[in-house]
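Here the structure is laid out as structure tokens; the discussion comes afterwards.
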Amino acid sequence: MRGRIPDSFIDELLARVDIVDVIERRVPLKKAGREWTACCPFHNERSPSFYVSPAKQFFHCFGCGAHGSAVKFLMDYERLEFPDAVEELAQSVGLTVPREGGDDRVQREDKTDLYALLDSAARWYENELPKNAEAQAYCKKRGLDAQTIQRFRIGWAPAGFDGVMKALGGSERRTQLLNEAGMVASNERGSRYDRFRERLMFPILDRRGRVIAFGGRIIASAPAVREGQPAPQKEPGPKYLNSPETPLFHKGRELFALWQVKQANPSLARIVVVEGYMDVIAMHQAGLPIAVATLGTATTPEHTEVLFRAAPDVVFCFDGDRAGRAAAWKALESALPRLRDGRQAYFLFLPDGEDPDSLIRKEGKDGFEKRLKAATPLSEYFFGELAHDVDTASLDGRARLAERARPLIARLPDGAFRDLMAQELEKRTGARATLENSPAPRTALQRPTVVQRSLVRSAIALLLAQPGVAEQVERPYGFLRMDKPGVELLAELIDMARSRPGINSAMLVEHFAERAEYPALQKLMAAMVVGEPEAQRAEFFDALRRMEEQAVIQRRDWLTAKSREGHLDSAEKAELRELLAARVTTRPS
């Protein structure tokens, strides 16, 4: 169960939808034997390598390796989170997504009301903008055109303590929703007031384009204090003010303008992370609609996962001062665990006193694009930053660099980039690149590329091709005694297929979506399993039989080795005699 959506509903949904229909609405498919094919929507290619299997309800690209169920296709193609992809699929077949834990109907109505309230607030702020001359002058000063103001739904929160409450309140329920949405605050006496006042307002949208929060920017500085006059009693407040955490808004997960980026780029190769709302908007208006911003917080691991789902290349753009470099290093640490093969991160540091907004004004779109193209790759920034105060000409300095780098490289996912980073560390320091917290040795199931003739892997691939064969596997499973990686996973897959008659391949694999085995299972399902269904079924049961034979041989060899050391008890001696006798009677004449 993910996102509080029951597993049983995911099963029902995947049984109800046809992956061919889901993909064909977005990508033109052609029939190719039992499958459908197309040029892959996830990478540029001239000849089709993208296949859709109606039998498995699964897609796979032999060019870039993209693969998965209908849910996974929507997540990758529409750049949706899992719950949003499920919602969209469910709507297409007339299903309502249930939630586990509590009264689902009330929870969904509450969220619907919150979305509607926040959208109304955005419209109210938009309508207030033309009424304020100071806000209009500021927008003109910053070079914002009418189209940009409309695209980002920029508005104005007027002065006064109850503008939003008067406009959108009106009942106890509405007032409660305003509070829940973070639109009002309370003072020490319990009196409520508008959270945003005299600020330029930027709606924050979720991945489906719904308003979930706001950011507000002060446009006037604090009043000047003349000599001999008392200082003002109150500062105008922080330059930027964001909505607080609410049921809809979690700042560590959301990115400003991600919705606008997706709308402007059907196929996004690169995304840029900058620090401010106006920096984002300046880039979009200049013809670079690839910029997003975090929301008053450092880059989190959740941010980096969202970023890499949106685009394979991420450029982190920061000021070149100490604060900017600290923010960049935080972003690097958050990105490391997500840098699986095919993903790349870069770092761009701006000159002192400059930001993307000011640089685009000075250099134009072309000038800023040149800076983006010259951004520092993560590997170069990584080693440069770790070695900036280290004398790598000395033995002690190289040892210090190795000590700093090893635990960080160990956080990279297993793959080519991790291997190359370890090799680079060894090249720079001369120290062996043995990493702390290294994963277990790579087994066949952890990193398969094709279905090879290992028994366990073959059995799993054949089961994924025909989940119905599990109904004929008798308990207890004799192969469980075999000491090989993946044996317990095979037993778990058989149990799940037996407990859900009629389950298809995609449904079976989706049950492991939050497990470490998920990528390996997807690759095994995508691998070609040759032969007619009856031949595959026979091969599956032959693999189980041979696994049971190997389990017996392993047990016999272990008991034999133990007997040589004189450590067998009476029961083990009897078992060994039986196993040896069985070997003699089955030996060919």
Side-chain angles (χ1 to χ4, degrees), residues 26 74-81 84-85 88 115 118-126 129 138-139 142-156 199-217 240 242-243 248-297 299 302-317 348 355-357 359-361 365 368-369 372:
R26 298 159 175 86
L74 275 190
M75 290 173 66
D76 292 345
Y77 188 83
E78 304 284 358
R79 300 187 181 98
L80 299 174
E81 294 298 300
D84 295 329
E88 188 149 324
Y115 286 124
L118 287 165
D119 189 70
S120 297
R123 287 200 304 272
W124 189 75
Y125 290 136
E126 287 179 275
L129 181 62
Y138 179 83
C139 290
R142 298 300 297 259
L144 301 181
D145 59 35
Q147 184 180 2
T148 299
I149 291 172
Q150 182 179 11
R151 186 191 319 157
F152 286 90
R153 301 191 66 180
I154 298 171
W156 173 253
R199 289 177 180 270
L200 202 65
M201 298 298 291
F202 304 92
I204 299 165
L205 311 182
D206 67 6
R207 292 158 189 75
R208 297 175 68 181
R210 299 172 297 190
V211 180
I212 56 173
F214 291 92
R217 189 193 194 283
Y240 281 102
N242 290 322
S243 294
L248 301 182
F249 176 58
H250 305 281
K251 62 183 179 182
R253 303 176 195 168
E254 303 296 339
L255 293 161
F256 176 68
L258 183 59
W259 165 257
Q260 286 86 350
V261 167
K262 290 180 178 179
Q263 294 304 297
N265 300 275
S267 179
L268 187 64
R270 177 182 58 179
I271 193 166
V272 182
V273 185
V274 296
E275 295 188 79
Y277 296 137
M278 294 304 299
D279 295 324
V280 169
I281 292 170
M283 288 185 63
H284 282 247
Q285 186 167 280
L288 289 170
I290 56 175
V292 297
T294 57
L295 301 163
T297 183
T299 307
E302 290 80 5
H303 284 145
T304 55
E305 182 60 33
V306 171
L307 289 163
F308 281 120
R309 282 186 179 179
D313 290 1
V314 178
V315 181
F316 295 99
C317 179
L348 173 61
D355 55 33
D357 185 13
L359 282 174
I360 284 176
R361 289 169 185 270
K365 172 187 173 183
F368 198 79
E369 274 196 311
L372 290 174

CA sep, side-chain torsions, deciding dist, call: Y277, Y240, ring-ring contact (aromatic ring centres under 6.0 Å, His included): CA-CA 9 Å; Y277 296 137; Y240 281 102; 5.3 Å; yes
From CG (N242) to CZ (F256), nearest 0.5 Å: 10.0 Å
Nearest heavy-atom neighbours spanning V280 and A257: CG1-CB, 3.5 Å
Student check: side-chain heavy atoms of V306 and L258 closer than 4.5 Å: yes
Minimum side-chain heavy-atom gap I149-E126 below 4.5 Å: no
Check: R361 side chain, R142 main-chain N or O, donor-acceptor pair, under 3.5 Å: yes
Gap separating the CG atom of D84 from the CG atom of L74, nearest 0.5 angstrom: 10.5 Å
Main-chain N/O of P289 paired to N265 side chain as donor or acceptor, under 3.5 Å: yes
Heavy-atom donor-acceptor pair, H284 side chain to A291 backbone, under 3.5 Å: yes
Distance-only side-chain donor-acceptor flag, R210 / Y115, under 3.5 Å: yes
Which atom of L129 lies closest to which atom of L200, heavy atoms considered: CD1-CD1, 3.9 Å
Evaluation steps, side chain to side chain contact (heavy atoms under 4.5 Å, CB included), between K262 and L268: CA-CA 8 Å; K262 290 180 178 179; L268 187 64; 5.9 Å; no
Considering all heavy atoms, the nearest V272-L372 contact: CG2-CD2, 3.9 Å
Non-hydrogen side-chain atoms of I360 and K365 separated by less than 4.5 Å: no
Note, V314 side chain near F308 side chain (heavy atom, < 4.5 Å): yes
Audit row: V211, I204, side chain to side chain contact (heavy atoms under 4.5 Å, CB included) steps and yes/no: CA-CA 6 Å; V211 180; I204 299 165; over 6 Å; no
For F368 against C317, the heavy-atom pair lying closest together: CZ-SG, 4.3 Å
Minimum heavy-atom distance between W259 and D206, given as atom pair plus value: CB-O, 3.8 Å
Criterion side chain to side chain contact (heavy atoms under 4.5 Å, CB included) on L288 and E369, from CA distance to verdict: CA-CA 8 Å; L288 289 170; E369 274 196 311; 3.5 Å; yes
pair V292-I271: side-chain heavy atoms closer than 4.5 Å: yes
Passing candidate, ring-ring contact (aromatic ring centres under 6.0 Å, His included) with Y125, options F152, F202, F214, W156: F214
Validation row: I154, I281 side chains within 4.5 angstrom (heavy atoms): yes
Flag if over 12 foreign heavy atoms under 6.0 Å of CZ, R217: yes
Value rounded to 0.5 Å, distance of CZ in R151 from CG in D145: 7.5 Å
Polar side-chain atom of Q285 near backbone of G143 as donor-acceptor pair, under 3.5 Å: yes
4.5 Å side-chain heavy-atom contact, L118 and L248: yes
Candidate pair L144 and M278, rule side chain to side chain contact (heavy atoms under 4.5 Å, CB included), full reasoning: CA-CA 10 Å; L144 301 181; M278 294 304 299; 3.9 Å; yes
Exercise: identify the closest heavy-atom pair between L205 and E254: O-OE1, 4.4 Å
Any L307 side-chain heavy atom under 4.5 Å of F316 side chain: yes
